[in-house]
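My questions all concern the structure below.
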Amino acid sequence: MSEPVVFRNGSVLTMDDAHTVLTGADVLVVDDKIAEVGVGLAVPEGTVEIDATGGIVMPGMIDTHRHMWQTAMRGYGADWTLTQYFVWYYLESGKLFRPEDIYAGNLLSAIEAIDAGVTTTVDWSHGLQTPQHADAAVDALEAVPGRFVLAYGNIQQGPWEWSTSDGFRDFVNRRISSGNDMLGFQMAFDVTGDPSFPEKAAFEVARELGVPVTTHAGVWGATNDDGIRLMHENGFMTPQNIYVHSATLNKDSYHRIAATGGSVSVSTESEQSAGQGYPPTWTLRDHNIPVSLSMDTSVWWSGDLFSAMRTTLGADRSREHMAAHANAETVTHLHLRAEQVVDWATRGGSKALGLDDKVGSLQPGKKADIVLIKNDASPVMFPILNPYGHVAFQAQRGDVHTVMVNGRLVKRDHRLVDVDLAAARAKVEATVEHLIGEMGQEAWEKGMNPDIPETKVMDNPYTYTQWDAGSAQWKH
Ligand SMILES: [Zn+2]
């Protein structure tokens, strides 16, 4: 193991159960664990000192749903709806991804995660057309010193097909081990609501393997209350399940989720642009359903949980005001607080993933996944009066100064440590070249530029008049 490390003299958001905040405090890391948190810590000889003065020290953030393979097409679908996304990946071009393309996307996404202070990311990997694709996905995750959870999926087959194949079973045996907290495992598939419930076979595999299921639920036009009811009636709703989006479910479905202890991964930026439904935090609050945050896919957005916190606050508050105004009322006190979204971005994730005994807070004995937000060159880093508000609304990932994962410094002084960005760039460029080559330049361009519906500018009564200089009056 390397020498101990101490973060000195920062504003420390411990995110422990009491949400203890310490100012001018230190966090000492020995080996892969947090040894002590407090003011003026005495440290062992040879400890590496990181000056956190003027900065915020917080737990590494946790993203519970990201289709990392799609990062190879970063930004391509910026103007897509969910329909265009489905057509592109599910129907037309998703099958063009080779194992090396999965690798390229995952590698870039994994690097982006640690750079942004996201120390644990669920790779919602639904492009695994073959076990070779899955090997490539894991190879990339293992090449980057972050904490990941592979959520295995394959949109080119029904879950009852791939999950029962010998190739899948062999992959799990070869690559996944239960005690590995650097690489967790889930199964990722959606439940269509087909009354014959074909997904049952996949749930049975998950139960047999003892792995959680993550599923896009409550996605407008795609997954609905029938899916939730089928899962519940067949006994497959467990506390480990993660229901992604859950934006268009009825009360009965939310009751079923709450009663069985599952959690919801809210992807506010995605829900706002793509059309899964209104970001559901406002109603999850009423049902007391636990929340974690996610960024979904970099084909639209980036792997930036500051953005997730910010948009989630905005969407929740926006809806609260709109609902009040519809009743001619004024919101005087907001329900959703900055402190809450910081909790969702840290503890929310660790609880959802069953990792809460290991990560999610800065407490002695936990694994050292730590982010220092500090930027001495930025006018935005002072004064730090409300540290939760500062994280949610003021800071951005360019302010992520130092990142530690499992006791290892992976970013220091705003620079990634031992990461070959040029190699990742070359791999991603090869994937883009491959996709353009297969699709043709014209189809590639067209896929990126969906038609814009016509905007009909409404009639404006004030434009029907003109100034008559003779009579010095407006005339109709
Ligand atoms: Zn998704």
Side-chain angles (χ1 to χ4, degrees), residues 62-78 80-91 93-94 97 102 105-106 109-110 112-113 118 120-128 137 148-156 159 186-192 199 202 212-224 227-228 241-249 257 262-281 284 291-305 307-308 311-312 315 344 348-349 352-353:
I62 297 172
D63 183 327
T64 54
H65 150 247
R66 194 182 303 174
H67 309 293
M68 295 175 71
W69 60 291
Q70 297 174 348
T71 302
M73 291 172 64
R74 182 191 294 291
Y76 180 91
W80 277 356
T81 59
L82 201 57
T83 302
Q84 282 142 357
Y85 171 87
F86 283 145
V87 168
W88 205 99
Y89 283 109
Y90 286 60
L91 299 179
S93 306
F97 276 72
I102 299 288
N106 268 27
S109 185
E112 177 181 7
V118 180
T120 301
T121 307
V122 173
D123 178 20
W124 220 103
S125 193
H126 56 357
L128 306 182
F148 300 101
V149 175
L150 178 74
Y152 194 114
N154 176 8
I155 51 177
Q156 305 300 335
Q186 298 178 336
M187 286 169 63
F189 57 89
D190 297 343
V191 180
T192 62
E199 299 85 3
V213 170
T214 176
T215 187
H216 294 105
V219 173
W220 176 259
T223 57
N224 56 35
I228 295 287
N241 284 17
I242 296 181
Y243 306 89
V244 176
H245 303 308
S246 301
T248 50
L249 295 174
I257 292 172
S263 65
V264 169
S265 176
V266 174
S267 298
T268 301
E269 269 195 298
S270 180
E271 287 134 24
Q272 288 182 314
S273 270
Q276 294 91 341
Y278 202 90
T281 49
L284 299 176
V291 173
S292 62
L293 300 182
S294 60
M295 288 309 300
D296 205 348
T297 167
S298 292
V299 80
W300 269 280
W301 311 282
S302 67
D304 178 355
L305 278 196
S307 184
T311 52
T312 300
W344 286 342
L353 299 177

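Remember, it's 1-based here, ligands and their atoms both numbered in the order they're listed.
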Self-check item: Protein-derived N, O or S atoms lying under 2.8 Å from the Zn ion (ligand 1), waters excluded
Solution: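 There are 4 of them.
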Self-check item: side chain to side chain donor-acceptor pair (under 3.5 Å) involving Gln186 - partner list, sequence neighbours excluded
Solution: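 Expected list: none.
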Practice problem: Mind telling me whether His67 and His216 have parallel, tilted or perpendicular rings, with 30° and 60° as the class edges? | Solution: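 Because their plane-to-plane angle lies in the 30° to 60° range, the rings of His216 and His67 count as tilted.
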Exercise. Could you verify whether a donor N or O on one side chain and an acceptor N or O on the other, from Ser267 and Ser294, lie under 3.5 Å apart?
Key: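 Side chains of Ser267 and Ser294: pair found under 3.5 Å.
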Quiz prompt | By side chain to side chain donor-acceptor pair (under 3.5 Å) - contacts of Ser109 (at least two apart) | solution =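 Side chain to side chain donor-acceptor pair (under 3.5 Å) check on Ser109 returns Thr71.
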Quiz item: Can you find a side-chain donor-acceptor pair between Thr268 and Thr311 that sits under 3.5 Å?
Solution: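 Short answer, no.
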Quiz item: What pairs with Thr83 under side chain to side chain donor-acceptor pair (under 3.5 Å), at least two apart in sequence or on another chain?
Solution: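 Per chain and number, Thr83 pairs via side chain to side chain donor-acceptor pair (under 3.5 Å) with no residue.
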